Amino acid sequence: MTVTIHPADRRDTAAVAELIAEIERFYGSTEIQPLEEALFGSPPLASALLVEDEAGGLLGLAAYSFL
C-alpha cells in the first residue's frame, strides 16, 4: 500500500473533525473544540498532517502545536 502525507487544509475540515471526534469519544470527552478556528485561525493554534491511501481515503492524522 502506498500512502500520501500532506498538511491539512480547509477542504479537509469535515474529515479531520470526524477523526478527532472519534478520538475524543474513545477517551470519554464530550466537549469538542471548534476545529476550523484552531487549525486555520490567525494565528493557527495547531496543525495537522493527513495520511491518505491511493484512492484518497483518509487513514489517519498527526496533529501538533507549538508550545
Side-chain angles (χ1 to χ4, degrees):
M1 172 188 286
T2 301
V3 299
T4 303
I5 300 172
H6 64 88
D9 62 32
R10 286 188 189 274
R11 296 173 299 199
D12 300 312
T13 301
V16 173
E18 186 177 322
L19 282 176
I20 290 176
E22 185 177 334
I23 292 167
E24 293 296 323
R25 284 190 300 273
F26 177 82
Y27 286 106
S29 178
T30 57
E31 186 175 325
I32 298 172
Q33 301 298 318
L35 178 66
E36 190 164 350
E37 182 179 328
L39 291 178
F40 307 112
S42 181
L45 302 175
S47 298
L49 296 173
L50 304 181
V51 181
E52 295 180 341
D53 62 17
E54 296 106 343
L58 188 58
L59 299 174
L61 69 93
Y64 58 95
S65 62
F66 296 101
L67 302 175

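Throughout, numbering of the chain's residues begins at 1 and tracks the sequence. Predicted, not measured: the structure shown is a model, and the values here were computed from it.
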**OP:** Working to the nearest 0.5 Å, report the span between CD of Glu18 and CG of Leu58.
**Re:** 8.5 Å

**OP:** Output every pair passing side-chain hydrogen bond (donor to acceptor under 3.5 Å, both in side chains) with a member in residues 53-67, not counting sequence neighbours, ordered by first then second residue.
**Re:** none

Original post:
Which heavy-atom pair separates Val3 from Val51 by the least distance, and what is that distance?
Top reply: CB-CG1, 3.9 Å

Original post:
Which residues pass the salt bridge (Lys or Arg N to Asp or Glu O under 4.0 Å) test with Asp9, sequence neighbours left out?
Top reply: Arg11

Can you give me every donor-acceptor pair (side chain of residues 36-50, partner residue at least two apart or in another chain, under 3.5 Å) with its distance?
{"residue": "Glu36", "atom": "OE2", "partner": "Arg10", "partner atom": "NH1", "Å": "2.6"}

